[in-house]
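Every number for a ligand or one of its atoms is a count from 1 in the order of the listing. Bear in mind that the values here come from a model prediction, so they are computed numbers and not experimental data. The figures here come from the full heavy-atom set of this structure, side chains too, leaving out hydrogens, waters and symmetry mates.
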Amino acid sequence: MHRDPQASNAALMARRHAAVPRGVGQAHQLFIARGRNAEMWDVEGKRYIDFAGGIAVLNTGHCHPAVIEAVKAQLDLYTHTCFQVIAYEPYVELAERLNALAPGRFPKKTLFLSTGAEAVENAVKIARAHTRRGGIIAFTGGYHGRTLMTLGLTGKVAPYKSGFGPFPGEIFHAQFPNPLHGVSVDDALASVESILKNDIEADRVAAFILEPVQGEGGFYIAPPEFVEGLKRIADRHDILLIADEVQTGAGRTGTWFACEQWPVAPDLIATAKSLAGGFPISGVVGRADVMDAPAPGGLGGTYAGSPIGCAAGLAVLKAFEDERLLEKSRALGQRLIDKLRQLASRHRCIGDVRGLGAMVAIELFEDGDPARPDADLTRRITAEAAHRGLILLSCGTYGNVIRVLVPLTASDAIVDEGLAILADTLDAVR
Ligand code: PMP
């Protein structure tokens, strides 16, 4: 590989700080030169194992050969028409595929967009158009994006919402169930009922929106009995259920959509990230009658459902079949859980190891006490691990969770090498 011998992370970081606003945070002070599957090399030639996956975008790894090949073939045909001007088959085919994959025994339709936030925004628009109601109930600790509506839905102030209000009205936050931090399923359902009693009439609420596993919020899993209870309330009042699967989707949790593991089907699903293996496309998949509520012209966007993204998405779906990546997701999840539990037995600071499929995290506490989340230790671990060649990402309302989003295509050897670096890091930072 050709590499500029003068290139340095520090010099590029200095240029970055001078040219790019500080509001765009950065977890690691590094610049990438090349990525392949679960490995990356920085501009100084140092190798890293990637447990961050570009925040859940690289379930099929960096530059999956079949995805790259499909994109290159698409580049030679056409790159853009705007689907609202001249249509193209890959959009329709990807919609058909997702309609077939989404749970629920009802006809489905799919709309494509570009980003996760845009998918969530459109799910809300569609839910409002269908119900002719304005209210949306989201959950504490939820993360839905950085646009003003999705920030309004997001259930964590710092750093996302600080200074950016006011947000759109008619958004309320119920408690997300989190027994580890003192919120039971009953508490969470009671908080929904309390909003319907104290804040907004049920017949003015269009939808509930939740993540099957909270991503930025800390990899807390919505228990099936909570989803069931929420759906009961929804059905009683004709309120729709939106699953924000931007982080959980595309096979991360062991099924294509995490909500396939729910006891009930959502009305709408927002999807993005790993759907196209590193290319920007997102979508809303949902009940056909709901999806058809907005009038022609009400939905879309210049780049929405770009041909490149559609071609990449179809290649990702094929890779899932060819390489049996859903099975791999479940096996990888079990491997991660087993090995992280072994680590937890040696390190009191790891107070919880949890996961759904390969969406796995550890939560760190001072002396293992859930009342004392250890964000400082979390920061020291992610920094030291990077120094040792492992890219980790933290998350969580308390900043004390380390999440694993390693590509599902990673070999066992690479996963074990990454986990060994994590084990050494834990020994080193104590
Ligand atoms: N919803 C969830 C659950 C997410 O995890 C994210 C991104 N982290 C988003 C929405 C927003 O996606 P994007 O950054 O592509 O707009």
Side-chain angles (χ1 to χ4, degrees), residues 23-27 51-59 111-127 136 138-156 159-161 164 167 171 173 176 207-222 227 241-253 256-259 262 266 268-286 301 303-306 308-309 312-313 316 356-361 393-397 399 401 403-405:
V24 187
Q26 188 174 329
F51 272 21
I55 320 190
V57 170
L58 300 171
N59 289 353
L111 157 78
F112 290 114
L113 304 138
S114 303
T115 67
E118 225 186 331
V120 172
E121 290 261 351
N122 278 275
V124 170
K125 280 169 61 180
I126 293 164
I136 304 287
F139 291 88
T140 53
Y143 179 87
H144 300 286
R146 293 181 185 275
T147 58
L148 283 169
M149 169 53 84
T150 58
L151 276 182
L153 297 171
T154 290
K156 184 184 179 193
Y160 309 121
K161 299 169 83 147
F164 297 130
F167 303 108
I171 297 171
H173 288 93
F176 193 83
F208 297 125
I209 181 165
L210 79 160
E211 297 155 89
V213 182
Q214 289 195 325
E216 305 309 308
F219 278 34
Y220 301 110
I221 303 162
V227 178
L241 194 56
I242 304 174
D244 180 347
E245 293 244 19
V246 169
Q247 192 152 160
T248 51
R252 174 50 54 183
T253 68
W256 178 261
F257 292 116
C259 63
W262 281 1
L268 298 171
I269 302 170
T271 184
K273 291 198 186 265
S274 277
L275 170 59
F279 293 89
I281 191 170
S282 66
V284 184
V285 187
Y303 293 110
S306 104
I308 311 292
V316 164
L356 191 67
M359 190 162 181
V360 171
L393 271 185
S394 62
C395 62
T397 305
V401 176
R403 52 178 152 176
V404 180
L405 291 164

Exactly one candidate in I269, L356, I221, V213 meets side chain to side chain contact (heavy atoms under 4.5 Å, CB included) with T248; the answer is V213

Heavy-atom check, side chain of T150 versus side chain of E121, under 4.5 Å:
yes

Any chance the rings of F176 and Y220 have centres within less than 6.0 Å?
no

Holding to side chain to side chain contact (heavy atoms under 4.5 Å, CB included), I want the full list of residues that pass it with Y303, two or more places apart in sequence or in another chain.
H80, S114

Carboxylate-amine/guanidinium proximity below 4.0 Å for R403 and E216
yes

I'd like the residue list for ligand 1, meaning every protein residue with a non-hydrogen atom under 4.0 Å from the ligand.
T115, G116, A117, Y143, H144, G145, E211, E216, D244, V246, Q247, K273

Would you say the side chain of E211 lies within less than 4.5 Å of the side chain of H144, judging by non-hydrogen atoms?
yes

